[in-house]
Amino acid sequence: MLGNFTYCNPTKLYFGKDALDSLNEELPKYGKNVLLVYGGGSIKKNGIYDKVVGILKANGKNIFEDGGVMPNPSSDKLEEGIARAKAAKADLILAVGGGSVCDYAKAVSVSVNCCEDPWEKYFIKFDDVDCDIIPVGCILTMVGTGSEMNGGSVITNHKQKLKIGHVFGENVFPKFSILNPEFTFTLPKYQMVSGIYDIMSHILEQYFSGEDDNTSDYIMEGLLRSLIHSANIAIENPLDYEARSNIMWIATWALNTLVEKGKSTDWMVHMLGQAVAAHTDATHGMTLAAVSLPYYRHILPYGLKKFARYAVNVWNIEPSGKSDTQIAQQGLDAMQAWMNKIGLVMNISKLGVSGDMIDAIVKSTLIMDGGYKTLTTDEITSILKNSL
Ligand code: NZQ
Ligand code: ZN
């Protein structure tokens, strides 16, 4: 570990089949007015909405609703949420849903008392929060983003064709998050698989950076092995509680800021995926899956030793008698075969991208410099073409 860092994670997690009972412990800490934020209605169909509303009522809360948060929440919806939170004089924002709902709740929380246009301030200028924040609590129903225990909030501006994430500080992390793996059982397979790849991508974005001997890399290899093992079980039997609970816990640890410590981190797969989503509104994990292999095959020579280590320690490639390049390529081949097997989308054309959109997607791509190669726009064009 060669970096200097501070580590603090203030989110209190309640995990397991009885986790929702703990909402009774948390609610008395906040005022009467609760803004209940949720998505397109899955929580009404699977009964989670009724359970949560029952607990809110039993605790004497005034419930104000803000439903209809869409996957890839938009800047227009954010404006609506700010107005609802103001009208409710919300003391707590309770997000019940996946990463989109949790991200949106955080964006509303930092925007209600903000004097400027929040899109410009937080997502274009990346300014810090300098106003009062409404506390956020999360009840997670979709696994993948890690939003339940981090300061990330990703918002899409459809007019500007930009999808941008702001990683806020500890003061914006959820105050508490409730994780019951059974709440994820009703997820369609497409979403489950997409979430599994989102987790893998979060780990790889942090793993593929740096050359020092870093404990975080060993932790990440363990998380990846556990993820692959549990994903294989969950895909065969989505109701396997043990596998689904492991996947839920790995998702949290993949992006709750622990394993990034001492790492420069890459995040270029996410920048490419977010640019694709800005033009297609496609499902987050699938956008990452569709660009990953062309990206990793492109940067492999620049991070060769790490790609070879990944192949051996995560994909069990036998190294003896092979060059680092052969080992690394076999690792990516194994990853690609597994991604195909679990049903990930492997081409951006399947997400609605055509060749004539590539130039515009390149323009929407933010370039990061923490990985093994800082891309030029020509390289981004070539990776996107190889992803078609
Ligand atoms: O809207 P409803 O009806 O609830 O349906 C949702 C939605 O259609 C459905 N769903 C969720 N839980 C369900 C369920 N359906 C049945 N049963 C359940 N239990 O799943 C669909 C997708 O939900 P969404 O919240 O959009 O998925 P996800 O958790 O993948 O979140 C994606 C968003 O998070 C951002 C992404 O960019 C994207 O905008 N990210 C946030 C990050 C962070 N905060 O750190 C990091 C990630 O890299 C990511 O960028
Ligand atoms: Zn992600």
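Both counts, for ligands and for their atoms, begin at 1 and track the order of listing.
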Checklist entry - What does the angle at the Zn ion (ligand 2) come to, between atom OD1 of Asp198 and atom NE2 of His284, rounded to 10°? => result 90°
Checklist outcome for this item: Restricting His202 to its N/O/S atoms, the closest one to the Zn ion (ligand 2) is NE2
Checklist outcome for this item: Output for ligand 1, non-hydrogen cut-off under 4.0 Å, lists Gly39, Gly40, Gly41, Ser42, Asn46, Pro71, Asn72, Pro73, Gly98, Gly99, Ser100, Asp103, Thr141, Met142, Thr145, Ser147, Asn150, Gly152, Val154, Lys163, Phe183, Thr186, Leu187, Pro188, Gln191, Asp198, His202, Leu255, His270, His284
Under a 4.5 Å cut-off applied to non-hydrogen side-chain atoms, are [X] and [Y] in contact?
X      : Y      : result
Val193 : Tyr197 : no
Val167 : Asn150 : no
Leu23  : Ile178 : yes

Item to check | Separation of Thr252 OG1 from Asn9 CG (nearest 0.5 Å) | outcome: 10.0 Å
Checklist entry - Which is it for Phe173 and Phe168 under the ring pair (Phe, Tyr, Trp, His ring centres under 6.0 Å) test, yes or no, and what are the steps along the way? => result CA-CA 8 Å; Phe173 281 40; Phe168 291 100; over 10 Å; no
Checklist entry - Between Lys261 and Tyr7, is NZ or CZ placed under 6.0 angstrom from the six-membered ring centre and within 45° of the ring axis? => result no
Item to check | Arg309 to Tyr218 six-membered ring, cation-pi geometry met (6.0 Å, 45°) | outcome: yes
